[in-house]
> 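To start, I am sharing the structure in question, which I have written as structure tokens.
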Number of protein chains: 2
Amino acid sequence: MLNSAEFRRNLQLSYIITMTTKTKVSKKDERKACILGHIVHTYVSDGTPVSSKLVARRMGGNVSSATIRNIMAELEHQGYITHPHTSAGRIPTDIGYRHYVDVIKNRIRFERREAQRLAEEYSKRIRTIKEVIKKTSYLISRELHNAGVVMWPGIEGVYLKHMDLVKVNSETILAVLVTMTNDVKNHIVRLDGELKKTELMRITNYINENFRTLPLMDISGSLRGLVNNVKEEDKETLSIAKNSLRVMDTIIEENLKNEIYWEGLNYFLEMSGSGDVDMTRNILEIFSEKEELVNLMRNELPYEGLNVYIGNENKSKKLSECSVITCGYTLHGRAAGRLGVIGPTRMDYDHALRTVGCLSNLISKKLAEINS
Amino acid sequence: MLNSAEFRRNLQLSYIITMTTKTKVSKKDERKACILGHIVHTYVSDGTPVSSKLVARRMGGNVSSATIRNIMAELEHQGYITHPHTSAGRIPTDIGYRHYVDVIKNRIRFERREAQRLAEEYSKRIRTIKEVIKKTSYLISRELHNAGVVMWPGIEGVYLKHMDLVKVNSETILAVLVTMTNDVKNHIVRLDGELKKTELMRITNYINENFRTLPLMDISGSLRGLVNNVKEEDKETLSIAKNSLRVMDTIIEENLKNEIYWEGLNYFLEMSGSGDVDMTRNILEIFSEKEELVNLMRNELPYEGLNVYIGNENKSKKLSECSVITCGYTLHGRAAGRLGVIGPTRMDYDHALRTVGCLSNLISKKLAEINS
DNA sequence: TTTAGCACTCGAAGGCTAGGAGTGCTAAAC
DNA sequence: GTTTAGCACTCCTAGCCTTCGAGTGCTAAA
């Protein structure tokens with residue numbers, strides 16, 4: 001867990017600063033928001049309901065706990081916080097977290113040192129997308145003590161460098177494809193009719209000569225056009241084009257299935273000891289159903305900027321006690337994939353937003369570098 | 001969990017049959033072992049300490065609970081079972097499980113239907129070692145509701161079918177290697193000096209022409225011999241041989257790292273809700289340290305037959321509440337890798353032994369088929 | 001050798017109480 | 001009008017006690 005010093009620093013860095021910045025907000029609203037901020041911070045760090053007394057102390061002691069209590073009652077009335085029971089302190093509701101996040105989101109300070117430290121993790125030795133993705137999900141989970149999730153770049157961002165076909169048996173081949181980012185994709189493809197070795201060579205050469213450095217999607221498109229337009233008589237060309245197309249389409253199709261990578265489930269288990277068992281079960285269910293996770297991450301989100309889904313804002317009921325923070329990354333300057341963190345609603349949003357945002361930048365830069 | 005009908009069947013199939021088979025064992029010892037068997041079975045299925053009354057009932061009611069109690073006291077004295085507290089039933093100790101396992105191990109009946117059912121899982125569509133391994137670890141975990149672990153065949157069993165080198169930058173290449181089992185291995189290799197495309201081609205051709213269908217280990221050996229024996233003057237040959245060797249050695253080295261695959265951790269999490277949190281934590285630690293797991297599975301075990309390690313028989317203290325059952329499998333008729341299951345000592349050993357043994361057979365057969 | 005009988009043990013579950021953390025409200029102070 | 005001291009009230013937590021019963025171990029009889 002995070003130590004209180006770190007929290008206090010965050011507090012000053014973002015939320016508090018925001019709150020004391022003059023806008024058209026009334027002084028009362030300002031303090032209200034400030035108190036909400038303290039409740040969120042304290043609850044996130046301690047995990048126990050926050051009392052008025054504690055907030056008063058955290059605020060420097062210029063306000064009495066009774067005053068805080070009055071404001072807390074209002075906050076509760078407005079739905080930002082709630083009570084587990086009469087004689088307990090307050091905890092933030094989803095709405096409370098949402099308000100908090102909305103405020104800090106526009107005020108995130110990416111710290112130089114932090115960014116530097118993370119940047120150094122992407123050493124020269126990392127040279128493929130796969131390595132970048134693994135490293136990134138590891139970093140997310142390590143930094144935030146929650147599950148880190150990274151999606152592969154959509155197939156649109158995959159460019160061909162080299163292809164090879166290896167015979168498996170009379171009608172089956174193994175297609176091995178090297179991308180411009182030096183990632184290797186391979187799949188077994190059943191071909192149209194029996195092929196001799198020379199024909200295999202011709203297909204290989206055809207693709208390598210004509211389509212090097214092009215996006216797989218475009219290659220597939222070109223080939224499809226070719227298949228439709230080639231004359232019926234030209235059987236040989238037709239066969240080559242058809243089989244090339246089949247290879248491409250198989251690779252593309254298979255690629256759509258394996259497009260997500262995650263790490264850090266262990267943090268949930270550590271929590272589950274003390275916390276909610278149901279939540280842990282739900283999370284693990286989501287992670288064991290790859291499709292659900294992929295949908296969760298895709299979900300027609302904008303690629304730009306940070307997305308935060310808190311508790312019941314998530315479509316899946318299984319995530320009603322979790323928050324999901326995601327951010328897009330780019331490849332070839334275009335939107336490519338997403339990365340993010342999944343954890344309990346009781347999460348250090350400030351740190352999470354900073355880290356995910358920062359890694360999104362780093363990963364995009366690194367991919368550009370690999371790709372150059 | 002397993003239903004009691006299944007347990008009763010197992011009971012009759014193995015342990016009970018064994019116990020009533022005449023050997024030189026005294027009638028008293030025989031019954032003692034039988035009672036131990038019932039305690040193990042009942043405890044494994046229910047998870048609660050087993051009372052004398054329950055055992056008496058399970059044994060058909062011809063014996064009174066008082067008699068059972070007497071024998072239980074002896075069994076406890078001998079260390080086979082123990083008490084959580086005075087007024088509780090008995091649970092097996094590691095020694096108790098050990099005795100039980102020793103008895104049933106030689107009496108396992110592989111059921112036709114069961115074997116058939118598992119065999120059907122290895123459909124025609126599975127054509128690479130990777131797929132076989134994934135499927136197998138999935139089957140282990142699904143059947144036994146515990147973690148299934150499968151090691152890749154040692155590099156000794158990997159034969160070259162085809163190799164390709166793709167340039168990454170001036171001194172770095174990507175080596176893509178297709179094995180005789182149509183698995184693809186690829187790694188980035190830093191070469192000795194800058195290489196032109198033509199030289200790359202020469203290396204590729206050299207390896208493909210001279211070493212196709214040979215074991216990678218032998219190829220590495222031959223190349224090493226060549227490097228040592230080639231004349232200093234013949235710079236070109238020397239360079240080719242050196243770089244070929246580097247490629248091979250990198251692939252071999254990298255291969256040693258990624259040689260294990262597992263599935264089914266979720267079952268531990270399901271258990272951890274009701275059971276021991278410490279054990280779950282320990283297990284997860286083992287699984288997050290790949291090396292530890294590899295050592296565990298390697299551990300100079302004989303490749304033939306089933307190996308069982310119960311509780312504290314395991315070298316690692318983290319596994320003191322777990323049992324590990326492993327079995328070797330073959331490739332090209334030779335010992336290649338291992339598969340197994342890891343779970344709490346409270347495990348259905350009969351079922352586990354049957355399943356692991358059966359899958360070992362199936363996987364060996366399937367690999368032979370792929371390889372032919 | 002087996003078993004009925006019985007005293008004994010000890011955990012699980014429920015009820016009870018004391019303590020205390022925290023709230024909400026009121027009335028006084030600023 | 002806002003803040004705050006004061007106080008009654010709530011209700012959780014922890015500890016203690018009791019009851020209940022499942023299970024054992026022992027003894028003496030079959």
Side-chain angles (χ1 to χ4, degrees), chain A residues 25-36 38-40 42-43 45-93 96 274-276, chain B residues 25-36 38-40 42-43 45-93 96 274-276:
Chain A
V25 187
S26 75
K27 201 169 174 185
K28 191 175 172 185
D29 280 348
E30 191 185 301
R31 192 157 62 180
K32 224 153 134 184
C34 179
I35 286 170
L36 176 58
H38 277 286
I39 291 172
V40 170
T42 312
Y43 180 63
S45 88
D46 300 353
T48 50
V50 186
S51 72
S52 53
K53 211 158 128 192
L54 186 56
V55 173
R57 209 182 316 141
R58 287 276 161 95
M59 288 182 80
N62 334 328
V63 213
S64 83
S65 67
T67 313
I68 305 285
R69 271 206 292 288
N70 287 331
I71 302 176
M72 274 175 151
E74 274 181 67
L75 281 169
E76 178 159 11
H77 185 69
Q78 294 174 289
Y80 292 120
I81 54 180
T82 186
H83 258 147
H85 55 84
T86 355
S87 69
R90 300 310 213 290
I91 58 177
T93 59
S274 57
D276 197 333
Chain B
V25 187
S26 74
K27 202 169 174 185
K28 190 176 173 185
D29 279 349
E30 190 184 305
R31 191 156 62 181
K32 225 154 136 183
C34 180
I35 287 169
L36 176 58
H38 277 286
I39 292 172
V40 170
T42 311
Y43 181 63
S45 88
D46 299 353
T48 51
V50 185
S51 74
S52 53
K53 211 159 129 191
L54 186 55
V55 174
R57 209 182 317 141
R58 287 276 162 97
M59 289 182 79
N62 335 327
V63 214
S64 82
S65 67
T67 313
I68 305 286
R69 271 204 293 288
N70 287 331
I71 302 175
M72 275 174 151
E74 275 181 68
L75 281 169
E76 179 159 11
H77 185 70
Q78 293 174 291
Y80 292 120
I81 54 181
T82 186
H83 258 148
H85 56 85
T86 355
S87 68
R90 299 312 211 291
I91 59 177
T93 60
S274 56
D276 197 334

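Predicted model, so just to flag it, every value in this text is computed and none were measured. Chain naming here is simple, since letters A, B, ... match the order of the sequence lines and numbering starts at 1 in each.
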> Nearest heavy-atom pair of A:S65 and A:S52: which atoms, and what distance?
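Looking at all heavy atoms of both residues, the shortest contact is O-CB, 3.7 Å.
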> Looking at B:I91 and B:P49, what are the two nearest heavy atoms and their distance?
CG2-CA, 3.7 Å
> Among A:K32, A:R69, A:R90, find the residue that satisfies the salt bridge (Lys or Arg N to Asp or Glu O under 4.0 Å) test when tested with A:E76.
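The residue from A:K32, A:R69, A:R90 that satisfies salt bridge (Lys or Arg N to Asp or Glu O under 4.0 Å) with A:E76 turns out to be A:R90.
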> Closest heavy-atom contact between A:L36 and A:L75?
N-CD1, 4.2 Å
> For nucleotides 11-18 of chain D, which of its nitrogen or oxygen atoms have a protein nitrogen or oxygen under 3.5 Å away, and what is each distance?
unit_1 : atom_1 : unit_2 : atom_2 : d
D:dC11 : OP1    : A:T86  : OG1    : 3.0
D:dC11 : O5'    : A:T86  : OG1    : 3.1
D:dC11 : O2     : A:S87  : OG     : 3.3

> Go through the steps to decide whether A:I35 and A:M59 satisfy the test side-chain contact (heavy atoms from CB on, under 4.5 Å), and finish with yes or no.
CA-CA 8 Å; A:I35 286 170; A:M59 288 182 80; 3.7 Å; yes
> Given that both pair distances must be under 3.5 Å and the pair must be Watson-Crick or G-U, what runs of three or more consecutive pairs involve DNA chain D?
C:1-30 with D:1-30
> A:I81 and A:M72: side-chain contact (heavy atoms from CB on, under 4.5 Å), yes or no, with the steps?
CA-CA 8 Å; A:I81 54 180; A:M72 274 175 151; 4.2 Å; yes
> With sequence neighbours left out, write down each residue that passes side chain to side chain contact (heavy atoms under 4.5 Å, CB included) with A:H85, or none if nothing qualifies.
A:S87, A:A88
> Can you pull the contact range of chain A along DNA chain C, 5' to 3', using atoms under 4.0 angstrom from its heavy atoms?
C:dA21 to C:dG24
> Determine the minimum heavy-atom distance between B:P84 and B:G89, stating which atoms define it.
CD-O, 3.3 Å
> What are the residues of residues 47-55 of chain B, sorted by number, that bring a heavy atom to within less than 4.0 Å of DNA chain C?
none
> Rounded at 0.5 Å granularity, tell me how far CD1 in B:I68 sits from CZ in B:R58.
12.5 Å
> In Å, rounded to the nearest 0.5 Å, how long is the span from CG of B:L54 to OG1 of B:T48?
8.0 Å
> Is there a side-chain contact (heavy atoms from CB on, under 4.5 Å) between B:T42 and B:V55? Walk through the geometry before answering.
CA-CA 8 Å; B:T42 311; B:V55 174; 5.7 Å; no
> For DNA chain D, determine which residues of residues 65-79 of chain A have any heavy atom closer than 4.0 angstrom to one of its atoms, and list them numerically.
A:A66, A:T67, A:R69, A:N70
> Give, for atom CD of A:Q78 and atom OG1 of A:T93, the distance between the pair rounded to the nearest 0.5 Å.
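The distance works out to 10.5 Å.
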> Rounded off to whole Å, could you give me the CE-to-C1' distance for the A:M59 and D:dT4 pair?
15 Å
